[in-house]
A.B. asks: 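One structure is given below, represented as structure tokens, and several questions about it will come after.
As the structure is a prediction and not an experimental result, all values here were calculated from the model.
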Amino acid sequence: MVTAATLTLVEETPYRWRLDRRGAMRVPGIVFATQRLLPELVGDRSLEQVANVATLPGIVVASYAMPDVHWGYGFPIGGVAATDVDDGGVVSPGGVGFDISCGVRLLVSPLLRHELRPHLADLMDALSRRIPRGPGPGGVWHLSGGLRELEEVLRGGARYAVERGHGVPRDLSRCEDQGAVDEANPAQVSVRALQRGLGQVGSLGSGNHFLEVQAVDAVFDEAAADIFGLRIDQVGVMIHCGSRGLGHQICSDQVRVMAASMWRYGISVPDPQLACVPVRSPEGAAYLGAMAAAANYGRANRQLLTEATREAFGLATGTSGLDLLYDVSHNLAKLERHPVDGTERVLCVHRKGATRALPPLHPELPPDLARAGQPVLVPGSMGTASYVLAGTRDGAAFHSTCHGAGRVMSRHAALRAITGRELRQELESAGIAVRGTTQRGLAEEAPFAYKDVDEVVGCCELAGLARRVARLRPLGVVKG
DNA sequence: ATGTAC
């Protein structure tokens, strides 16, 4: 067990720090952070988690932490770890997180900020009526085919949603994996998970999930912004949500199975929350099949919320046309090919609170975006800025970057520091319309409970993980 | 994140 007290970070550059191998670590840790972010990440147990992840069988190159890293279940949130699947590499549900395929999409409208202004209150009210949110059941899509149709969602994700008329084919061209991964295995999804998922397709959930009406307030890379269709004052809608109770139940189910079967593979880990099995094992295949089903559910979820958003936008503004810029997950494991020591290997890349950031001209990119690199959507904390980044040619951490601001204060501490009523007043007086659920839910997401998103994305750019394209400021927030 | 514990 590596203890926090013995961990020492060695400065490689002002934006990149190394945790040297020691004890059972198979690879070093690499932490991307500025001097200003360092105390925040040393303040919790996330460094210890970076070191623990470095002990996993088959891990290659390094256990990475993004600048928004913070403590999580087993793996840190903001962690990236890749294992060599043909060399005993493992897959671990803790490296994906409970909210499988949690992610973000950004819709871009033809309106500018001043054109929306007279319609903003109507738009927020229309969104408030149409966007199911908060914990528990409720979703915009009532699956008339019941569990049988849910299985279609698990196989087809956003593709199935569009097939059923909930969106247009162009949406799919702007989704990671064109809206669905092919490896989903609904047979590995428990009845309980299915039951939880049945009534939640098209819902935000709670916690840090949100839907925001935003406007571009800064452009950092004119050429990329032009390719992405973003200009100053342009209005967009950002949707941040995941796979709700279904993903959570799948993670719980699979962790239990893995913890009970690890001994068969002779694997020992320094933390029981790092339960894992070889990718090439029956349990590994079961997890990846169930995880893919949850991933598709998450993509369908964001697609249905897009449809509801378009309806609200049309009603309130009389304008149609909310084009999808991109949809990308930040909680997922994927089998990808990457060079390791000069040889191309098949790796199981775990990104937990970390976003894939493909470089310009990568074959998986939509052809019309390829020159700019993959759009990376980074939601900031409530009431602050969000960013659009783009993948860089060199990248690092298997082409990954940050996923958000990163929490620094516990929900409990945030509740002690401010009331929901106070926070709502602060946001409204800053000109941000709020449509929330509970006072408590608002208070837990207070901006001071998070790192400075400007510092986080600035660090990503300086470290070469991604480059800044545009910043968006909220005009209105629908809070889960 | 999560029918915020089965």
A.B. asks: Please name all residues satisfying salt bridge (charged side-chain N to carboxylate O under 4.0 Å, His left out) with A:E40, sequence neighbours left out, ordered by chain then number.
C.D. replies: none
A.B. asks: Could you state the atom-to-atom distance from CD1 of A:I77 to P of B:dT2 in whole Å?
C.D. replies: 13 Å
A.B. asks: Students often get this wrong, so: under 4.0 angstrom with heavy atoms, is A:Q200 touching a base, only sugar-phosphate, or nothing?
C.D. replies: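 Sugar-phosphate, backbone atoms only, no base.
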A.B. asks: Please report, rounded to the nearest Å, how far the C1' atom of B:dC6 is from the CZ atom of A:R256.
C.D. replies: 10 Å
A.B. asks: Tell me, which pairs form a salt bridge (Lys or Arg N to Asp or Glu O under 4.0 Å) where one or both residues lie in residues 281-294 of chain A, sequence neighbours left out?
C.D. replies: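 Of all non-adjacent pairs touching residues 281-294 of chain A, those that pass salt bridge (Lys or Arg N to Asp or Glu O under 4.0 Å) are A:R264-A:E283.
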A.B. asks: Rounded to the nearest Å, what distance is computed from the CD atom of residue A:Q254 to the P atom of nucleotide B:dT2?
C.D. replies: 19 Å
A.B. asks: Rounding to a whole Å, what distance do you find between A:H209:NE2 and B:dT4:P?
C.D. replies: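 Taking NE2 of A:H209 and P of B:dT4, I get 16 Å after rounding.
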A.B. asks: Send over the distance from A:D253 CG to B:dC6 P, rounded to a whole Å.
C.D. replies: 11 Å
A.B. asks: Does a donor on one side chain and an acceptor on the other come within less than 3.5 Å for A:H362 and A:E364?
C.D. replies: no
A.B. asks: Do A:R244 and A:S203 pair up side chain to side chain, a donor and an acceptor below 3.5 Å, judged on atom types alone?
C.D. replies: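 Checked: A:R244/A:S203 side chains pair up, N/O donor to acceptor below 3.5 Å.
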A.B. asks: Just N and O in the side chain of A:S206: are any of them under 4.0 Å from OP1 or OP2 of B:dT4?
C.D. replies: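 No, because none of the side-chain N or O atoms of A:S206 sits under 4.0 Å from OP1 or OP2 of B:dT4.
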A.B. asks: In chain order, what residues pass the salt bridge (charged side-chain N to carboxylate O under 4.0 Å, His left out) check against A:E151, with sequence neighbours excluded?
C.D. replies: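 A:E151: salt bridge (charged side-chain N to carboxylate O under 4.0 Å, His left out) contacts with A:R155.
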A.B. asks: Report the distance from atom CD of A:E445 to atom P of B:dT2, rounded to the nearest whole Å.
C.D. replies: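 From A:E445 CD to B:dT2 P: 11 Å.
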A.B. asks: May I have the distance from A:R407 (atom CZ) to B:dT4 (atom C1'), rounded to whole angstrom?
C.D. replies: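 In whole Å, B:dT4 C1' lies 13 Å from A:R407 CZ.
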A.B. asks: What is the distance, rounded to the nearest whole Å, between atom CZ of A:R440 and atom P of B:dT4?
C.D. replies: 11 Å
A.B. asks: Give me each pair satisfying side chain to side chain donor-acceptor pair (under 3.5 Å) with a member in residues 470-480 of chain A, each pair once, sequence neighbours excluded.
C.D. replies: A:D217-A:R471, A:D217-A:R473
A.B. asks: Describe the nucleic acid contact of A:G207 in one word from base, sugar-phosphate, nothing, applying a heavy-atom distance below 4.0 Å.
C.D. replies: sugar-phosphate
A.B. asks: Tell me which residues in residues 244-252 of chain A lie within less than 4.0 Å of DNA chain B, going by non-hydrogen atoms.
C.D. replies: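 Going residue by residue through residues 244-252 of chain A, the ones with a heavy atom under 4.0 Å of DNA chain B turn out to be A:R244, A:G245, A:H248.
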A.B. asks: Once salt bridge (Lys or Arg N to Asp or Glu O under 4.0 Å) is applied, what residue pairs with a partner in residues 179-194 of chain A remain, sequence neighbours excluded?
C.D. replies: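 Non-adjacent pairs meeting salt bridge (Lys or Arg N to Asp or Glu O under 4.0 Å): A:R159-A:D182.
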